[in-house]
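The first residue in the sequence is number 1, and the count goes up from there. Values in this document were obtained by computation on a predicted structure and should not be read as measured data.
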Amino acid sequence: MNRENEGLVQLGRKTEYPSDYCPDVLETFENKHPDNDYFVKFNCPEFTSLCPITGQPDFATIYISYIPDNKMVESKSLKLYLFSFRNHGDFHEDCVNIIMKDLIRLMDPRYIEVWGKFLPRGGLSIDPYCNYGRPGTKFEKMAEKRLEMHDLYPEKVDNR
């Protein structure tokens, strides 16, 4: 293993899936371009969690976009983390906020947003959005602006 991958446990090993919510599987690596502001975007079209009341499964696409500072999330560990919600009971709004807060604790990004596009159950779909910009920086203002504008031009949805 080369020095830049030291500390990455999940990458390159047989995958063991957590059976419940597990933020401990998340891993980071060093951002090689901390002098640049740039977005990293993850799309997870197979996210599942459980309704905390009925225990029925909820299905969603989770979009995670962030501007890294010194640390970045390793993608396999993120997949395992998102999979760990499979047997976890929480409301849609809680899931996206938990994901965002765990990633803030992990990476301390300059900016991050998490958007859940949940499939309907009972004829209603829920699409919670949350974001964060580092306080006292231009990213705090960016977060305010993106929150105001995040759904100004909603996409045409014909598959839900």
Would you call the rings of Tyr66 and Phe42 parallel, tilted or perpendicular, taking 30° and 60° as the class edges?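 If you compare the ring of Tyr66 with that of Phe42, the planes turn out parallel.
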Checking [X] side chain against [Y] main chain: does a donor-acceptor pair fall under 3.5 Å?
X     : Y     : answer
Asn97 : Glu93 : yes
Glu30 : Lys32 : no
Asn31 : His33 : yes
Thr54 : Cys51 : no

Step-by-step side chain to side chain contact (heavy atoms under 4.5 Å, CB included) determination, Leu106 to Glu27: CA-CA 8 Å; Leu106 178 75; Glu27 297 179 344; over 6 Å; no
Could you tell me if the side chain of [Y] sits less than 4.5 Å from the side chain of [X], heavy atoms only?
X      : Y      : result
Cys130 : Val114 : yes
Phe139 : Ile67  : yes
Lys138 : Asp37  : yes
Lys117 : Pro128 : no
Thr48  : Asp58  : no
Phe47  : Phe83  : no
Asp127 : His92  : no
Pro109 : Pro68  : no

If you take all heavy atoms of [X] and [Y], which pair is closest and at what distance?
X      : Y      : answer
Asp102 : Pro23  : OD2-CB, 3.7 Å
Pro57  : Arg121 : O-NE, 3.6 Å
Ala143 : Gly133 : CB-N, 3.5 Å

Atom pair [atom1]/[atom2] of [X] and [Y] - distance to nearest 0.5 Å:
X      : Y      : atom1 : atom2 : answer
Arg146 : Asn131 : CZ    : CG    : 8.0 Å
Phe59  : Ser125 : CZ    : OG    : 15.0 Å
Lys41  : Trp115 : NZ    : CH2   : 8.5 Å
Leu26  : Ile99  : CG    : CD1   : 10.0 Å
Cys44  : Ile64  : SG    : CD1   : 7.5 Å
Leu50  : Asp20  : CG    : CG    : 8.5 Å

Do Phe85 and Tyr21 make the cut of ring centroids closer than 6.0 angstrom?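 Centroid separation for Phe85 and Tyr21: below 6.0 Å.
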Worked check of side chain to side chain contact (heavy atoms under 4.5 Å, CB included) between Glu74 and Lys76: CA-CA 6 Å; Glu74 191 279 315; Lys76 184 175 180 182; 3.4 Å; yes
Could you tell me whether Lys71 and Asp108 make a salt bridge, using a distance below 4.0 angstrom between a side-chain N and a carboxylate O?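 No.
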Pair Phe118-Ser49, side chain to side chain contact (heavy atoms under 4.5 Å, CB included): steps then yes or no: CA-CA 10 Å; Phe118 285 82; Ser49 61; 4.3 Å; yes
Evaluation steps, side chain to side chain contact (heavy atoms under 4.5 Å, CB included), between Glu113 and Tyr129: CA-CA 7 Å; Glu113 60 189 31; Tyr129 170 90; 2.7 Å; yes
Linking directly or through intermediates, with side-chain heavy atoms under 4.5 Å: list the remaining ILVMFWY members grouped with Phe91, chain and number order. Ile53
Honestly curious: do Leu119 and Leu124 fall in one hydrophobic cluster under the side-chain, below-4.5 Å linking rule? no
